[in-house]
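Both ligands and their constituent atoms are indexed starting at 1 by order of listing.
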Amino acid sequence: MLYTRVELPLGIRRITNLLPTRPGHVHSYLLPGKDGATLVDTGIGLPDAKEVWAAALGEDEVARIFITHFHPDHVGAAADVAELTGAPVYQGTLDYAQCELVWGNPNWPNRIADWFLTHGVPSEITEELIDSGDVYRPFIRFQPDPILVDDGDALDGWELVAAPGHADGQLCLLKGRVLVSADHLLGRISPTVGLWPASRPDPLGDFLESLERTIELAPEIALPGHGDPIVDPVGRARELIEHHRERLAFTESSLTDRPRTGYEVSLDLFGADLKPASRRFAVAETLSHLERLVLEDRVERREDVGVVAYTARQLGRSF
Ligand SMILES: [Zn+2]
């Protein structure tokens with residue numbers, strides 16, 4: 001079976017597509033509306049994406065397509081599904097700008113290679129990291145010139161809620177007590193929160209604020225991009241805040257007065273034996289923690305001959 005369909009409460013349907021890489025699947029949601037459904041996310045654009053979607057949608061009318069964020073497993077088949085259904089695509093303003101920057105730009109791999117070198121990744125490993133990121137390129141067919149939307153906009157009775165962190169332009173949908181959380185809130189997996197070139201400067205700070213906002217909004221159920229529905233979204237948001245507080249403390253403890261690069265610290269935080277695809281995220285995630293610590297005055301960043309390195313701040317030392 002290439003996809004599964006599950007009926008959820010309130011007439012919401014979940015369509016799950018398989019992914020060739022971890023976590024092995026991605027959910028899209030059909031939110032019912034008067035003029036047809038709003039389809040949230042489109043899965044990755046494997047060569048047979050259009051046929052799979054034709055079968056998965058069956059008789060369902062799609063009135064509009066909404067992209068929660070530009071990662072390959074969410075935006076990949078957007079143009080295919082738009083062509084199949086004739087429905088307009090909606091995407092966040094910032095998210096679409098980043099989507100074009102990363103997937104519409106042949107120079108992006110060079111830019112990211114330079115950036116990994118700046119953060120201490122050895123050059124032979126940098127090449128592996130670039131290759132592992134590039135495997136997705138052929139499977140991304142985003143929709144050019146979508147209808148741009150932002151935090152607070154309404155989409156067929158759902159309110160768009162910005163939740164930067166996992167992606168700068170991540171948008172969720174909220175109606176009553178239901179939050180379609182995409183990858184902002186996941187059940188068992190901790191969403192990756194990485195610093196990337198041209199990303200906002202403090203993605204982990206953004207993420208922690210987004211989690212606080214989730215707690216304030218107090219949804220009763222969250223429908224994530226991966227894994228089961230989350231029955232205690234507020235509790236899960238608290239757990240993730242706690243998790244990152246612990247990771248921040250661990251990151252801080254791995255620094256001394258000897259400068260260490262983001263790559264070196266990532267070996268402590270995530271271990272030395274990682275496949276290139278995981279190492280990419282490990283370095284980016286380590287950097288988001290280091291940069292948060294810099295902003296909290298717990299760590300110092302230095303840049304020397306084109307390499308960025310971090311040291312512990314010697315708080316309370318008196319001479
Ligand atoms: Zn995802």
Side-chain angles (χ1 to χ4, degrees), residues 2-4 6 8 12 14-31 38-46 49 52-53 56 65-81 89-92 94-96 98-99 102-103 132-143 160-173 179-196 199 203-204 206-207 210-211 214 222-230 233 236-237 240 243 275 277-278 280-282 284-285 288:
L2 293 166
Y3 65 88
T4 55
V6 174
L8 299 174
I12 298 174
R14 187 177 77 188
I15 294 178
T16 304
N17 281 293
L18 297 178
L19 285 180
T21 51
R22 286 211 304 174
H25 73 274
V26 60
H27 300 313
S28 301
Y29 294 93
L30 280 166
L31 312 175
T38 298
L39 172 67
V40 180
D41 286 340
T42 59
I44 195 165
L46 293 176
V52 173
W53 270 107
I65 298 162
F66 174 68
I67 302 299
T68 61
H69 65 298
F70 74 99
H71 293 173
D73 49 332
H74 299 260
V75 78
D80 298 29
V81 186
V89 174
Y90 293 74
Q91 192 169 358
L94 171 62
D95 191 64
Y96 183 68
Q98 294 191 343
C99 186
V102 172
W103 303 123
S132 81
D134 265 2
V135 296
Y136 288 111
R137 270 181 192 271
F139 309 120
I140 293 154
R141 292 183 293 282
F142 64 86
Q143 176 64 36
L160 302 185
V161 178
H166 172 71
D168 289 345
Q170 170 88 68
L171 288 171
C172 304
L173 301 103
L179 181 74
V180 181
S181 62
D183 288 2
H184 162 57
L185 207 62
L186 301 174
R188 294 208 188 138
I189 319 165
S190 172
T192 59
V193 178
L195 182 79
W196 300 97
S199 72
L204 183 57
D206 288 344
F207 187 52
S210 297
L211 290 168
T214 304
L223 304 178
H226 310 273
D228 293 330
I230 301 161
R236 181 59 182 148
L240 287 168
H243 165 75
K275 293 206 174 105
S278 305
R280 272 170 78 83
F281 287 102
E285 179 118 11
S288 76

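For Arg22, the CZ atom counts as loosely surrounded, since its 6.0 Å shell holds 12 or fewer non-hydrogen atoms of other residues, nucleotides or ligands.
The distance cut-off of 2.8 Å around the Zn ion (ligand 1) captures these protein N, O or S atoms, sorted by chain and number: Asp73 OD2, His74 NE2, Asp183 OD2, His226 NE2.
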field: Intermediate values then yes/no, ring-ring contact (aromatic ring centres under 6.0 Å, His included), Phe139 and Trp103
entry: CA-CA 10 Å; Phe139 309 120; Trp103 303 123; over 10 Å; no
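In this structure, the side-chain contact (heavy atoms from CB on, under 4.5 Å) partners of Ser288, at least two apart in sequence or on a different chain, are Val193, Leu195, Pro203, Leu204.
Residues Asp41 and Thr68 bring a donor and an acceptor atom of their side chains to less than 3.5 Å of each other. The closest side-chain donor-acceptor pair between His69 and His184, if any, does not fall under 3.5 angstrom.
Checking side-chain atoms of Arg14 against main-chain N and O of His27 turns up no donor-acceptor pair under 3.5 Å.
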